[in-house]
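First up is the structure itself, then whatever we jot down about it.
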Amino acid sequence: MMNRDINGEGRKLNRGEEEEEEDEDEESGRGRDAWERAYADERSWESLQEDESGLLRPIDNKALHHAQYRRRLRTATTAGIQKGLIRYLYIVIDLSRAAGEMDYKPSRMVVVARQVEAFIREFFDQNPLSQIGLVTLKDGVAQCLTDLGGSPESHIKALMGKLECSGDSSLQNGLDLVHDLLNQIPSYGHREVLILYSALSTCDPGDIMETIQKCKGAKIRCSIVGLSAELYICKYLCQETGGLYSVALDEPHLKELVLEHAPPPPAIAEFAIANLIKMGFPQRAAEGVISICSCHKEAKFGGGYTCPRCKARVCELPTECRICGLTLVSSPHLARSYHHLFPITPFDDVSPSITNIPQKLPKSCFGCQQSLLNPGNLPGPCVACPKCKQHFCLDCDIYIHESLQNCPGCESFKQSNSVTNMEE
Amino acid sequence: MADKQQQVVVKRARHKSSVKDPGTPGVLKLTKDRFTFMPNDPSSPVKHNVEFRTIKGHKFTKDGTKQALLNLTQDQGGNYIFEFENFPDRNVCKDFVASAIALSGEAGRTVPEKPAVPIQDEQLSAAEMERRIKLLQEDSDLQKLHKQFVIGGILSEAEFWATRKKLLEQNYSRRPKQRVALKNDMWSTKPLADGQSNRVTFNLTPEIILQIFAEKPAVRQAYLNFVPNKMTEKEFWTKYSRAEYLHSTKNVIAAAAEAAEDEELAVFLKQDDMLVNEARKKIRQVDPTLDMEADEGDDYMHLPDHGLPRNDNKDVLDSQYEPYRRSFSQHLNQHAAVVLQGRVIDVELGDTRSVAEALARTKHAELAKDASDVYLDKERLERISRMTEIEDLQAPRDPAVAPLSIKDPRDYFDSQQANAFSTLGDTVSGAKQLKCSVSTREAYCSLKECISEIKFQGLTEPTINSEVAFKVLNGLAQNISSNKYHLGRNPNESVLDSLPKITREELLLHWSSIQELLKHFWSSYPITTKYLLTKATKLKDAMSQIYPKLQEIKESVQSDLRHQVSLLVQPMLQALDAAFAHYDADVQNRLARSGERPNGF
Amino acid sequence: MPQVKIVAKNFMDMVASLPAMKLDKLYQNAFICQAILRSMPPLAKRYVLQLLFIDAPVTGKMLEESVLADGLSKHKVAIDRLVQLRVLTEALDRKKEATYRMNPTFQMNVQKLIVHGGVLPREPMPSTAGFRLPSLEELDAYAVQQWECFLLHLISSSEAEKATTNISSSMMKVFQRGLLSQKDDKEPPRLTEGGFQFLLMDTNAQLWYIIREYIGNSEERGLDSADLVSFLLELSFHATGEAYNINTLSDIQRAIIRDLADLGLVKLQQGRKESWFIPTKLATNLSISLSDTSSRKQGYVVVETNFRMYAYSSSKLHCEILRLFARVEYQLPNLIVGAITKESLYKAFQNGITAEQIISFLQQNAHPRVAERIPTVPENVTDQIRLWESDLNRVECIPAHFFEEFPSREVFEAACDHARECGGFLWENSKKMWLVVKAESFAYMKEFLRGKKQ
Amino acid sequence: MSPPVPSKILTDDVSLLMVLIDTNPHFWSSIKPHFSFSKFLSHVLAFLNSILLLNQLNQVVVIATGINACGYVFDSSSGSVSQRAESLLPKLEEFAENDESLSERDDDSGNGVGSSLLSGSLSMALCYIQRVFRSGPLHPQPRILCLHGSPDGPGQYVAIMNSIFSAQRSMVPIDSCVVGIQHSAFLQQASYITGGVYLKPQQLDGLFQYLATVFATDLHSRNFLRLPKPVGVDFRASCFCHKNTIDMGFICSVCLSIFCKHQKKCSTCGSTFGQAKTHDPSASQQR
């Protein structure tokens, strides 16, 4: 305990008052049985609230969650802005002693790994043309776990293999390493670093300020998600390089924060260099063709693609041709990124004034036909698309903006449809 | 591999002055007219470059004897003994040498042609070499390739490995090149007292020593002064430990007493005055917005303890003991300061003295720097400016974003449309070809008619007549069965296994060699230098040699497998053809351009 | 102990087992066709649909074409089932290939269903009739109550006395055959192993088990099982909560209706002049429970890693059922708290309930909150349950006799040998000169030793 | 290219079938000689009825895809007893009315068969499916069936692709049965990417048989059945500049538009290549 307080390895400041009761949790936690801890840890009681009649009810945090999401939405969707569609992102994972902390269950390290996995999948889903690399910080040095690549599985496998923590973490070493790595990539690529930082200190061999300036110079956008407390140096780093700095309260929050980095960030004016990238659109090998693929040395029936330049065989897209190094994609991959170019406008909450007059309101959600009326035929909360004026339930709202990426209303009306096109 | 035609033989061997001599490892390279020996360790003197003309005979040990030796005797007495890793290697060389000697014997005056491969192995470090050799030994396929191309003289060693950087790094001994900062967790002297005897032991590791030195200049100084001339290292540390022990027992009087009779010990017990004046300097750099009154110079040792509640000896001691007192917080702060400073020395931790000196040096350097530092004030000023404005009031720093203006998203669709139809056999014009003559109104009318019609009559019965249904079902069944045939029983079952082992081996070998060649071939484009040009040509020739081999395979296998094999070979041929085509095209426009620019670069 | 494992034998097997002419008779009724169609395995349904409008015989190859390698077994099952049910009739064409053609009546009926839809067997009561219909909730409540008190009656005849007065004991006997066994009339009947297992099945399964029993002995009550079946199926297509006039039924059917009323499948309602019957959920579910689809109802049990069990239920039945294998500690208004203990499990095992049944019961009835967890029931608990079960089978007791204090070693030796010869030897300790023999061979040993004495 | 989604392990064959019916009047009148809308309807309705017949937990929802609007016309789950598909007819008529009324405004008659709003109905279907997913762990397995005839509408490309990817993400296969004259590039991709079936019946009068044989297959059975494979979809793109298919090209790093040869300036987003954007005020106001 002593040591903790010494180097401030306390707990999140932004959880101030919980501090002591949480503490004693831990004290008694040691004496507890597994089955009891199962509850103590997932803090099941926090999801309960007492209603007027004194009965316990699960909190419906739907509205609350929806509000949060809308906040995110407003910051995220800004039409007519360039996005870094082709990203080269290094995820730097802090595996220092601090990552062994148990305040996240089972441990920070494991939780982070879990989130990173989710993130990687989401990332490639959203940015099929981008690449990710993994770097770990431990024992005061940074190690390159995997170098830039387009296949989620390989990264995840590598990470899961390397999950043990020790020593201190050095932000500087990490940045230096990443800087060197990212310097090699072409100018049109957007260079980014996402650091998942558990430690409360960085012990660096030299002056980190210089390193930060170096990164700024190299147009590397550094973002940090902290797991413990806010650190000045992190804040400074992100500010300088135009990244995001955020500190997670608990696992869900962490997930949220990490996933915020999945959609491509707006391109900084002086960083953005438009360029033409040479790409190949390989043809699907006809059924019945057998060939040995260049990725794993075995003969495959049909399927697969052949590089248009060197006729080498690759198994899946997108990838870089092993032989002639040509970037191979398919048109759907480009299409996946299109919605970043035409972001869908946020819906507005239907103001209570209108809601008071039910007859003006459609009975059910335009998207999913769910009734918009609360039990008791009172109009429930709903949103409306500014363009097509259709009403949607909150769930649809979220689905539409987070996954579907186009408004059923606008899409299903000729004239408004054409309008949207004009606007974009 | 050991056929007479080939020009060069390169083997790893150790040169021995005598049979007993362990010998120096290196690379033995035999060409038609001379043999050269390059030791792995460039520094070593044993380099040889001897023409076969001077060699009059060669002896060698029998296969299976304990050493694979080859002894080349020079006409003027001298002889070169080489030990090879294995007998095959030796025999290859033996045969070669035999032929070479014979050759130089009758046609001694042949013009020596220079070896096809420019020798680039010289600049390689021994370690590098080791790694490569290791790799080759581990991976037989790699070795095959290496034999075929490097030793076959198509690729140079460097070129060959260039594409395998990653491989090299992987099993490269994991010594991070980054410098490690001082450990974050502080070393607190935990005396380990064993129960009965009242002796207390401290154990010091190099790291700890480094820390002590870094944090306690005085100790470092003392060390430099005392050891070894005044006392042995051991004595020194025991004294130090003694001192530490005294501190740990918070008995100040005792400490003072001890210090009184032993002045070396005193050094450790007293306040560290180097730090004190260091602290004075520091005070200037402290962030000006900090309220120093709050905790009078918290991290400066010149004021013993400050603010921190002291639970032990509340009794006021007369000032003479003052210097012997030390509070934990001082220790702590000092540690923090050092860690933050992030001073790193590049000295082997092992020997204490050099560590001490190194630290001392850096210290001096810094002091010097500080003394003559205008930069410091400047930095301080900007620090002030950054501090004074409260961040909430600061304007959002995020830089301007680049605007995006896309004219018409329809383009994106068209990017699909055209080819989509082409694949499906009907043309884009197909879209246009069905014009509807009727006006919107009529169209709607007929539509609604249809609906109402069925509404009143109900569904037609029977929905479809038996024949049609049967035909359709049949058609679908056939369609399915047909592409089932294509797919084979299950798509991911490997064809290779069905082939006889030899054929498979051969195929795979060729495949991998083709891959290798193609890699190099494509990587050498766009051709900018003469070197690349020659390389490309070389590669192309090599590939064109493989081409017929593939054909042979196709013929070689028995008829039942031929179909499969040819299917397998086909893609390889295509790949090669593509390469050739590219090459020719390149050559063409090189010629075209060579008009205006000489040699086409 | 012997493991009687009763499963709600699939209804279709029963139908399939009906003689040909009866089957064809069944297919006259469109509803039965529908019910049977629904109860088929997916692949079979698919084939029916494919061949629906085809009169010409279709080769089995053509159907098999679209089946992947690992689906072939399913394909066979489906075809066999169809043939059993005489929905498809198999024949060999000249190329000796199996060809199939669909049972015309069946085909015709299903086509009708698709094109016109079926007309309900009888009109629901006009809303103008004298009395108000029970709401669906009430109806469900009624059905559940009826059903549960029937089950309760099984568990503890004494408990259920008052409840079960309305079930005619004769019917009760029919329903309970195989579940209860009564040595003689003095002592109350007790559950057979089958009975215990029955209690752990989910409602649909239970329902069908009973119905099967019911149909099974219909013959001896002079009923034609085919009629019975068709009526039951018909019943399942009535709209829940609608009232139908009893007079539209034949006398036999009336009889049946009464029996079913006891089980809560229908509710009898006395109108002013004529009486009505109202099918409940149970009845309309009949055709669902035909198919093997798992029952889609909410569970209520939570099991902790510490073997404690919380059942959110106020039902007496649930409590009783849990008692079968757990120690119920206390009962709150809506919560039953219990613990799974070695003793309670042993009791269950003795009653012939198997560990697997218990576990699957716990899993099927898991409370939604734990249902989404993996595993639903903590591993340590499930494992322990299995272990305890295997414990029972581990030790085997053999009545035996123990000999010691042999006069001399050779006597001892001889005794051992003799024991071995007569196959009664169990164990010996030559150092202490101890010997254990089977009880049955004790006599011989005595013989032998006495002989040795002299 | 994203491979067809892995089919998840399904325990039973209870399925939710979202059917998108193309009600483009121009289209139907154009092919009336071969295959009238009423014929089409009778086949489809029969099919829907048979789906409902197979398992009483099965659910069918029909969305009409007009040229000016899209709308739900049938939901078997609404109402206490599961109704039969015929009941959609009145709704459908209504819908046609509405569709027409909307079209009055811009009278684009005569020239060519317009496209119908597939993107709209797809989006609606997906929303509905999401709602089913939300309804709890025990939901029927959803799939989408597009009965489509009209040509693809260029304007909808991005929207449709978005829906496709969303469907893929939530593992909802999109089956497509093209009753039109020419193939549909959209649906082809949709089915390929989401692991659905793409089929263009040769004999329209046998439509029911096609539906019953291929599209009636529930996801559970698809694990061990082999359905007609789509001809390998060509995923090459064609350049914006000349609209001809290319297998190697240049992509604008800003707007991902495709060109067959090197350019100075992107014709789509107007950014000049090879130099940093000049920072203009309009951008900063965006924030």
Side-chain angles (χ1 to χ4, degrees), chain C residues 30 33-35 37-54 62-75 78 110-111 113-118 120 136 236-242 284-285 287-288 290-298 368 371-372, chain D residues 7 9-15 41-58 60 76 79-87 135-141 197 205-229:
Chain C
C33 296
Q34 181 174 357
L37 182 60
R38 287 188 170 174
S39 66
M40 294 174 180
L43 213 44
K45 291 179 186 175
R46 172 182 159 81
Y47 293 143
V48 171
L49 208 53
Q50 285 184 6
L51 304 184
L52 191 52
F53 286 94
I54 300 180
M62 200 190 284
L63 296 178
E64 195 173 337
E65 206 58 78
S66 67
V67 182
L68 285 174
D70 49 358
L72 276 178
S73 57
K74 288 195 175 63
H75 169 76
V110 176
Q111 284 184 12
L113 279 173
I114 285 179
V115 178
H116 305 299
L120 278 174
L136 286 178
S236 71
F237 285 97
H238 290 63
T240 314
E242 291 293 339
T284 42
N285 278 1
S287 56
I288 297 183
L290 291 178
S291 59
D292 312 335
T293 52
S294 57
S295 73
R296 292 163 167 262
K297 68 169 166 40
Q298 268 210 351
E372 56 242 21
Chain D
S7 57
I9 308 311
L10 307 176
T11 52
D12 54 20
D13 59 341
V14 181
S15 43
L41 276 182
S42 68
H43 282 246
V44 171
L45 294 185
F47 168 67
L48 298 185
N49 281 333
S50 50
I51 292 291
L52 292 172
L53 179 72
L54 286 185
N55 184 334
Q56 67 275 61
L57 294 178
N58 279 355
V60 173
S76 67
S80 58
V81 288
S82 63
Q83 345 125 306
R84 299 174 47 75
E86 285 85 347
S87 59
S135 71
L138 296 172
H139 58 74
Q141 293 306 332
V197 183
D205 55 350
L207 181 60
F208 177 86
Q209 192 61 29
Y210 286 102
L211 294 174
T213 321
V214 177
F215 297 105
T217 326
D218 56 285
L219 301 188
H220 168 57
S221 314
R222 289 186 192 203
N223 295 334
F224 50 81
L225 283 180
R226 183 185 290 111
L227 297 173
K229 273 197 143 297

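Side chains included, hydrogens not; waters and symmetry mates left out as well; all remaining heavy atoms used. Remember, predicted model here, so these are calculated numbers, not experimental data. Quick note on labels: first sequence line is chain A, next is B, and so on, each numbered from 1.
- Contact annotation for C:Ile54: only side-chain heavy atoms (C-beta onward) come within less than 4.5 Å of a heavy atom of chain D.
- Only the side chain of D:Ser221 has a heavy atom closer than 4.5 Å to any heavy atom of chain C.
- The structure places CD1 of D:Ile51 at 7.0 Å from CG of C:Leu49, a figure rounded to the nearest 0.5 Å.
- The shortest side-chain heavy-atom distance between C:Val67 and D:Leu225 falls under the 4.5 Å cut-off.
- With rounding to the nearest 0.5 Å, the separation of CG in D:Asp218 from CZ in C:Arg46 is 9.0 Å.
- Listed options D:Asn49, D:Thr213, D:Leu48 were ranked by heavy-atom pairs under 4.5 angstrom with chain C; first place goes to D:Thr213.
- Here the side chains of C:Leu52 and D:Ser50 are not in contact, with every heavy-atom distance at 4.5 Å or above.
- For D:Glu86 against C:Val115, the heavy-atom pair with the smallest separation is OE2-O, 3.2 Å.
- Both the backbone and the side chain of D:Ala46 come within contact range of chain C, judged by heavy atoms closer than 4.5 Å.
- Taking the side chain as every heavy atom from C-beta outward, D:Asn55 and C:Lys45 approach each other to under 4.5 Å.
- Pairing each heavy atom of D:Arg84 with each of C:His116, the nearest pair is NH2-C, 3.5 Å.
- D:Ala212 approaches C:Gln50 most closely through the heavy-atom pair O-CG, 4.4 Å.
- For the set C:Leu113, C:Asp70, C:Val110, the count of heavy-atom pairs under 4.5 angstrom toward chain D peaks at C:Leu113.
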